Number of protein chains: 2
Amino acid sequence: MSQMQQVERQLREMILGLDIGPGEKLTERWIESRFGASRTPVRAALLRLETEGLVARDGRGWTVSPINLAEIEQIAVYRQAVEAAAARLTAMLTDKSGLDAIEAMLDSCGPDTPREEWHRVGTDFHVELARLSGNEFLFRAVRDAMTRLSRARWLEIRDEAASARAWAEHGTILTALRAGRGDEAADLLIRHIGGSRDRLVGSLQTERRGLRARGFAVVAA
Amino acid sequence: MSQMQQVERQLREMILGLDIGPGEKLTERWIESRFGASRTPVRAALLRLETEGLVARDGRGWTVSPINLAEIEQIAVYRQAVEAAAARLTAMLTDKSGLDAIEAMLDSCGPDTPREEWHRVGTDFHVELARLSGNEFLFRAVRDAMTRLSRARWLEIRDEAASARAWAEHGTILTALRAGRGDEAADLLIRHIGGSRDRLVGSLQTERRGLRARGFAVVAA
DNA sequence: GATACCATTTTGGTATCCCAAACCGGGATA
DNA sequence: TATCCCGGTTTGGGATACCAAAATGGTATC
């Protein structure tokens with residue numbers, strides 16, 4: 001694997017893992033020394049992460065993108081559009097094996113599953129569903145949206161009840177899809193995403209003070 | 001403006017203007033000498049154009065993305081999802097001045113308007129409509145989709161009747177939006193995009209032999 | 001104590017150099 | 001004639017040097 005890809009992957013992991021806080025300044029030279037690569041691959045990695053929305057230009061320099069509540073709300077609307085469309089396509093599939101795989105993935109999460117895994121599976125549910133649609137653009141849209149939401153979702157304070165409800169909603173969506181009821185699945189998905197957004201934004205607004213205290217930039221809605 | 005941005009803009013224009021044919025090989029050194037910049041800004045420009053889908057990796061090297069009929073059909077589905085969502089948002093606006101501006105843009109095209117201008121306005125109708133939604137992600141999605149479609153739309157053989165019909169559809173969509181009938185506008189938009197896609201793909205399939213003769217790579221659906 | 005100003009350092013933008021791998025063309029061979 | 005092989009050339013990936021602009025920090029001034 002090329003160094004550019006390595007730098008990109010490691011830097012993305014540090015950003016998504018909050019090892020570098022939202023809003024923090026980045027210098028090409030720091031990244032260079034941190035990962036033992038020269039500026040050429042570093043710049044390439046930054047350019048790509050910029051298109052992913054994980055890094056942003058700040059004047060002449062670079063910044064880890066802040067958590068942006070307005071953006072989170074806009075992404076929810078965007079997701080509702082593309083995930084509903086993907087669901088309608090997926091419901092028309094005759095081969096249900098893809099749905100089985102997604103269900104197995106959901107079922108693999110139990111009470112003792114680490115939080116990290118819940119986070120990943122909760123993301124992959126949506127991404128893999130979009131992939132099943134067979135439409136590359138819908139898939140990328142969902143994947144990129146979930147990437148942008150990743151840090152916010154990680155910072156969210158989720159109560160047990162909310163998590164259980166979300167998982168139940170995933171189940172009903174799968175059931176509708178398996179039965180070929182695309183419109184119903186789309187509708188459920190839209191409500192599910194709306195609910196997620198409300199809880200997410202609410203949680204972050206509550207937590208805002210604490211997050212700022214940790215040095216995380218949180219931009220208001 | 002930085003050289004990277006200049007190279008990016010000029011190269012994009014050459015690709016969209018078919019000065020460099022779809023499928024053609026690109027070398028960083030050729031671009032470097034062509035635009036009088038060094039490889040650093042050239043590489044940055046290529047990385048960005050890659051995310052726009054105008055340029056693709058070909059093994060170790062670079063290629064101008066071919067015209068891809070399968071991609072065009074997938075983009076249509078994607079557009080239907082995001083443009084319908086944008087239309088529903090736009091219909092809820094109380095301020096109709098944005099719609100007035102779009103209508104004025106449409107009206108500025110007359111019988112003696114150059115083809116280039118029709119192409120641009122036909123694109124901007126959709127992009128500006130999405131911009132009015134106020135949702136940055138829907139806007140970018142439409143803008144990027146239209147960019148990817150640009151070359152194919154330019155190569156399309158459009159008969160007078162089809163163009164007139166498309167323009168009439170634009171008008172009815174605006175009317176529905178102005179009246180706040182978002183669902184109707186969304187439905188009209190979905191049909192409009194579907195019709196565009198059918199004519200576009202049909203035209204390209206008919207033209208395929210001729211396009212190949214011009215050295216343009218056209219990938220089948 | 002606050003502020004304006006200047007010297008120094010840092011930083012991103014660019015040009016250029018090196019290298020290993022891929023590519024290409026021609027000649028030998030079957 | 002078709003195929004294989006080999007060496008020279010090209011090419012992208014990476015490293016580094018240089019520069020102008022921006023940030024920084026300390027100092028003199030009010």
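So you know, we letter chains A, B, ... as the sequences are listed, proteins then strands, and number each from 1. Because the structure is predicted, anything quoted here is derived from the model rather than measured.
Across all their heavy atoms, V127(B) and M146(B) have their closest contact at CG2-CG, 3.9 Å.
More than 12 non-hydrogen atoms from other residues, nucleotides or ligands lie less than 6.0 angstrom from CZ of R212(A). When the shell of 6.0 Å around CZ of R214(B) is examined, it contains 12 or fewer heavy atoms from other residues, nucleotides or ligands. The environment of R115(B) atom CZ is dense: over 12 non-hydrogen atoms of other residues, nucleotides or ligands sit within 6.0 angstrom.
Taking a 4.0 Å limit (strictly below) on heavy-atom distances, residues 42-54 of chain A reaches DNA chain C at R43(A). Residues from residues 20-32 of chain A placing a heavy atom under 4.0 Å of any atom in DNA chain C, listed by number, are L26(A), T27(A), E28(A), R29(A).
In this structure the side chain of E28(B) never reaches within 4.5 angstrom of the side chain of I31(B), judged on heavy atoms.
When R12(B), Q10(B), Q5(B), Q6(B) are each tested for a side-chain hydrogen bond (donor to acceptor under 3.5 Å, both in side chains) with E8(B), only one passes: R12(B).
Base pairing analysis places dC30(D) opposite dG1(C); the two distances defining the Watson-Crick or G-U wobble pair are each below 3.5 Å.
Mapped onto DNA chain D by nearest heavy atom, R39(B) and R60(A) fall at different nucleotides, with R39(B) at the one closer to the 5' end. The residue among W62(B) and G36(A) whose nearest nucleotide of DNA chain D is located toward the 5' end is W62(B).
Taking the six-membered ring for Trp and thresholds of 30 and 60 degrees, H126(A) and H170(A) have ring planes more than 60 degrees apart, a perpendicular arrangement.
With rounding to the nearest 0.5 angstrom, the CZ atom of R43(B) is 10.5 Å from the CG atom of L47(A).
Within the nucleic acid shown, T40(A) comes within 4.0 Å of at least one base atom, counting heavy atoms only.
If you take CE of M1(B) and P of dG13(C), they are 14 Å apart, rounded to a whole angstrom.
In the model, S133(A) has no side-chain atom that pairs as donor or acceptor with a side-chain atom of N135(A) under 3.5 Å.
Here R153(B) does not pair with E156(B) in a salt bridge; the nearest charged N to carboxylate O distance is not below 4.0 Å.
A distance-only check finds no donor-acceptor pair linking the side chain of D58(B) to the backbone of G61(B) [under 3.5 Å].
Bracketed by its first and final contacts, the part of DNA chain D lying under 4.0 Å from non-hydrogen atoms of chain B reaches from dT11(D) to dG14(D) in 5' to 3' order.
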